Amino acid sequence: MTAPRATPGRLRDVGALNWLICRVAGRVAGTNPPNLFLTLARRRGLFRGWLWFAGRLMPGGTLPRRETELVILRVAHLRDCRYEFDHHVRLGRRTGVLPADVERVKAGPSADGWTPRERAILTATDRLHTDRDLDDRTWTKLRTHLTEGECVELTMLAGHYEMLATVITTLRVQPDRPRRAPRPRSPGGR
């Protein structure tokens, strides 16, 4: 990856509220403030609008979080978006996405070990990526496992992370650094 095309903003670039949001997001992710957030926050109001929308999909969506993370990981893998993939491997751990699941995500929906519902969701994710549509067969299979509303959410989730992968790749957003662990205190309290 080349140097960032839009550098992550500093406090004066993103404003105090966005700076605070970015710092909190880094704490949650176990990193410094995420480079993606600091880059998007250069457009202050747009960032907060995007954050609200994105938060309604993840973590605030109605699909189970594990399934949400599987969709995001599959999109990131198909788009070869390392930033998005690595970030959601970390987040996915918290939702029960195991290392074996991550390897299966790379192999795709036909890999052994998926539940029928997971297979239908991942197949739909693949179709949305390659065809930008779902054929009737994929839709029918998906509807045996998801409600109509969940199908709407799934298509928006996959589309959103496709868009985000485009932004990350185009702007050459660099990987986040892990947050430094606090130094252990000496027995004397110093």
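For clarity, every value in this text was computed on a predicted model and none was experimentally measured. Side chains are part of it too, since the values below use all heavy atoms of this structure and drop only hydrogens, waters and symmetry mates.
Side-chain contact between Trp139 and Arg127 is absent, with no heavy atoms from C-beta onward closer than 4.5 Å. Put simply, the side chain of Leu40 does not reach to within 4.5 Å of the side chain of Leu46, judged on heavy atoms. Within the 4.5 Å cutoff, the side chain of Pro116 has heavy atoms near those of the His145 side chain. Residues Arg117 and Leu146 have side chains in contact (heavy-atom distance under 4.5 Å, counting atoms from C-beta outward). Considering only heavy atoms from C-beta on, Phe37 stays 4.5 Å or farther from Asn18 through its side chain. The shortest distance between side-chain heavy atoms of Leu38 and Trp19 falls below 4.5 Å. For the pair Leu17 and Arg48, the minimum side-chain heavy-atom distance is below 4.5 Å. Counting heavy atoms from C-beta on, the side chains of Arg172 and Gln174 come closer than 4.5 Å.
Residue Gly26 comes nearest to Pro34 through the heavy atom pair N-CD, 3.6 Å, listed as atom of the first residue, atom of the second, then distance. In terms of heavy-atom proximity, Leu11 sits nearest to Ala16 at CD1-CA, 3.8 Å. Contact between Ala124 and Leu154 at its shortest, heavy atoms only, is CB-CD2, 4.1 Å. Counting all heavy atoms, side chain and backbone alike, Leu128 lies closest to Ala158 at CD1-CB, 3.9 Å. Pro59 and Arg65 get closest at one heavy-atom pair: CB-NH1, 3.5 Å.
In this structure, CG in Leu157 is found 9.0 Å from CD in Glu69, a value given to the nearest 0.5 Å. For the atom pair CG of Leu73 and NE2 of His87, the computed distance is 10.5 Å after rounding to the nearest 0.5 Å. Once rounded to the nearest 0.5 Å, the distance linking CD of Glu150 with CG of Leu63 reads 5.5 Å. Atom CG of Leu142 sits about 14.0 Å away from atom CZ of Arg119, to the nearest 0.5 Å. Taken from OG1 in Thr31 to CG in Asp86, the straight-line distance is 12.0 Å, to the nearest 0.5 Å. Remark: Met58 CE to Ile72 CD1 distance equals 5.0 Å, nearest 0.5 Å.
Enclosure of atom CZ in Arg27 is not indicated, since only 12 or fewer non-hydrogen atoms of other residues, nucleotides or ligands lie within 6.0 angstrom. Within a 6.0 Å radius of CZ in Arg10, other residues, nucleotides and ligands contribute 12 heavy atoms or fewer. For CG of Asp131, the number of neighbouring non-hydrogen atoms (other residues, nucleotides, ligands) closer than 6.0 Å is greater than 12. By the neighbour-count criterion of 12 heavy atoms within 6.0 Å, atom CZ of Arg94 is densely surrounded, having more than that number from other residues, nucleotides or ligands.
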Full working for salt bridge (Lys or Arg N to Asp or Glu O under 4.0 Å) between Lys106 and Glu103: CA-CA 5 Å; Lys106 293 176 187 176; Glu103 290 308 309; 3.2 Å; yes
Chi angles and distances behind the side chain to side chain contact (heavy atoms under 4.5 Å, CB included) call for Thr95, Leu91: CA-CA 7 Å; Thr95 67; Leu91 292 178; over 6 Å; no
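Proximity of a side-chain donor or acceptor of Arg66 to a complementary backbone N or O of Gly96 within less than 3.5 Å is detected. Formation of a donor-acceptor pair under 3.5 Å by the Glu153 side chain with backbone atoms of Thr62 is found in this model. A distance-only check finds no donor-acceptor pair linking the side chain of Arg79 to the backbone of His129 [under 3.5 Å]. With hydrogens and angles disregarded, a donor-acceptor distance shorter than 3.5 Å links the side chain of Arg5 to the backbone of Thr170. The closest donor-acceptor contact from the side chain of Asn35 to the backbone of Val173 lies at 3.5 Å or more, if one exists at all. For Arg23 (side chain) and Pro33 (main-chain N/O), no donor-acceptor pair under 3.5 Å exists by modelled atom type. At distances below 3.5 Å, at least one donor-acceptor pair connects side-chain atoms of Tyr83 with backbone N or O atoms of Leu36. Trp114 contributes no side-chain N or O that, together with a main-chain N or O of Ala120, makes up a donor-acceptor pair within less than 3.5 Å. A donor-acceptor contact shorter than 3.5 Å links the side chain of Asp135 to the backbone of Arg137. Between the side chain of Thr155 and the backbone N or O of Val152, at least one donor-acceptor pair lies under 3.5 Å.
Grouping the Ile, Leu, Val, Met, Phe, Trp and Tyr side chains by contacts below 4.5 angstrom, directly or via other members, places Ile121 with Met156. Under a hydrophobic-cluster definition in which Ile, Leu, Val, Met, Phe, Trp and Tyr are linked whenever side-chain heavy atoms come within less than 4.5 Å, directly or via other members, Val102 and Val71 are assigned to different clusters. A chain of hydrophobic side-chain contacts below 4.5 Å, direct or via other Ile, Leu, Val, Met, Phe, Trp or Tyr residues, connects Leu57 to Leu164. Cluster annotation: Phe47 and Ile168 are assigned to the same hydrophobic cluster (Ile/Leu/Val/Met/Phe/Trp/Tyr, side-chain heavy-atom contacts under 4.5 Å, transitive). Hydrophobic clustering places Leu171 together with Tyr161 (ILVMFWY residues linked when any side-chain heavy atoms are closer than 4.5 Å, directly or through intermediates).
Note on ring orientation: taking the six-membered ring where Trp is involved, the planes of Trp50 and His160 are parallel (angle under 30°, cut-offs 30° and 60°).
Looking at Asp126, Thr123, Thr125 one by one, the single match for side-chain hydrogen bond (donor to acceptor under 3.5 Å, both in side chains) with Arg74 turns out to be Asp126.
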